[in-house]
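All remarks here apply to the structure that follows.
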Amino acid sequence: MKGGLLVDDEYVHEEEKSLTVRKTSLFFAGDGFTVYDCKGSLVFRVDSYGGPNNRETDEVVLMDAHGRCLLTLRRKRPSLRRRWEGYFGERSDGQKPIFGVRRSSIIGRSGVTVEVYGEYHCSEYMIEGNFGQRSCTVVEAETRRKVAEIRRKVDASTKVMLGKDVFSLNVKPGFDGAFAMGLVLVLDQIYGDDFVEVGEEQVHPSVEDH
């Protein structure tokens with residue numbers, strides 16, 4: 001069943017899809033992501049938080065495997081609750097956003113609301129859980145139907161849980177994977193690399209992996 005925002009129907013499937021997301025850098029400018037399917041083929045990439053032309057530091061561009069811009073995510077200012085907006089393709093001046101994301105509480109790690117602008121099957125989603133721990137779920141606000149999940153990834157051969165710079169994005173049938181990955185980028189911008197939890201030491205996964 002299709003519903004919600006459609007960025008590109010190439011990424012909408014009849015079966016659940018599990019994507020592997022890798023954060024390519026945790027320490028330097030130009031942080032990005034690469035996203036692979038279960039066969040190891042590149043699906044999405046984000047080369048720089050400044051976009052292809054580094055025109056703004058508060059702008060993130062999601063691209064397909066060939067470098068085509070699918071979504072532009074831009075921080076809305078001024079914003080006490082860290083609001084972000086999404087645009088089709090590479091954003092241009094005067095272009096209207098297609099969805100907005102806001103953190104419901106300045107304190108705490110849950111309660112992110114996604115509002116889709118326009119006439120869609122579902123106009124609002126909630127992101128619940130803890131992105132810092134790579135454990136959260138995207139649900140339709142009205143029906144409570146799960147449409148995507150972010151989870152820690154376990155190495156299939158060693159059964160060891162990988163560092164937090166590598167995680168799974170599970171996209172439910174009928175939901176756009178490009179939209180789901182766009183939400184991941186906004187969550188990363190809102191919460192950053194603050195992985196410290198009560199009773200947990202701070203760990204930089206890239207050091208562990210290399």
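Hydrogens, waters and symmetry mates play no part in the numbers below; they use all other heavy atoms, side chains included.
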Just so I know, are the side chains of [X] and [Y] near enough to count as touching, which here means a heavy-atom distance under 4.5 Å?
X: Thr72; Y: Gln95; result: no
X: Leu185; Y: Leu62; result: yes
X: Arg145; Y: Val147; result: yes

Derivation and outcome, side chain to side chain contact (heavy atoms under 4.5 Å, CB included), residues Glu10 and Asp64: CA-CA 10 Å; Glu10 179 181 347; Asp64 66 11; 5.6 Å; no
Looking only at heavy atoms, which two atoms of [X] and [Y] are closest? And how far apart?
X: Gly86; Y: Leu73; value: CA-CD1, 3.8 Å
X: Leu42; Y: Arg45; value: CD2-CD, 4.2 Å
X: Asp37; Y: Val43; value: N-CG2, 3.6 Å
X: Glu16; Y: Pro173; value: N-CG, 3.6 Å
X: Lys146; Y: Lys172; value: O-CG, 3.3 Å
X: Phe88; Y: Val7; value: CE2-CA, 3.8 Å

Basic-acidic side-chain contact under 4.0 Å: Glu128, Arg144: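 Answer for the salt bridge query: yes.
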salt_bridge(Asp165, Arg22) N-O dist < 4.0 Å: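 Looking at Asp165 and Arg22, the cut-off is met.
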Whichever hydrophobic residues join Met126 through chains of side-chain contacts under 4.5 Å: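 Once heavy-atom contacts under 4.5 Å are chained together, Met126 belongs with Val139.
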Donor-acceptor pair between Arg151 and Thr137 side chains, under 3.5 angstrom: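 Yes, a side-chain donor-acceptor pair sits under 3.5 Å.
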Chi angles and distances behind the side chain to side chain contact (heavy atoms under 4.5 Å, CB included) call for Leu169, Val35: CA-CA 9 Å; Leu169 172 62; Val35 184; 5.7 Å; no
Parallel, tilted or perpendicular, as decided by the 30° and 60° cut-offs, for the rings of Phe175 and Tyr125: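 Plane angle over 60°, so perpendicular.
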Lys164 backbone acceptor or donor facing Arg134 side chain under 3.5 Å: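 Checked: pair present.
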In Å and rounded to the nearest 0.5 Å, what is the [atom1] to [atom2] distance from [X] to [Y]?
X: Lys76; Y: Trp84; atom1: NZ; atom2: CH2; value: 13.5 Å
X: Leu71; Y: Leu5; atom1: CG; atom2: CG; value: 7.5 Å
X: Arg91; Y: Cys69; atom1: CZ; atom2: SG; value: 12.0 Å
X: Ile98; Y: Glu85; atom1: CD1; atom2: CD; value: 10.5 Å
X: Asn170; Y: Lys17; atom1: CG; atom2: NZ; value: 12.0 Å
X: Thr113; Y: Arg102; atom1: OG1; atom2: CZ; value: 4.5 Å

Met181/Val184 under side chain to side chain contact (heavy atoms under 4.5 Å, CB included): CA gap, chis, key distance, verdict: CA-CA 5 Å; Met181 187 58 204; Val184 171; 4.0 Å; yes
Qualifying residue for ring-ring contact (aromatic ring centres under 6.0 Å, His included) with Phe44, from Tyr11, Phe33, Tyr36, Phe179: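 Only match with Phe44 under ring-ring contact (aromatic ring centres under 6.0 Å, His included): Tyr11.
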Residues in side chain to side chain contact (heavy atoms under 4.5 Å, CB included) contact with Lys153, at least two apart in sequence or another chain: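 Only Thr20, Leu162, Val166, Ser168 meet the side chain to side chain contact (heavy atoms under 4.5 Å, CB included) criterion with Lys153.
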Verify same cluster id: Tyr87, Leu187 (apolar side-chain graph, 4.5 Å):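 No, separate clusters.
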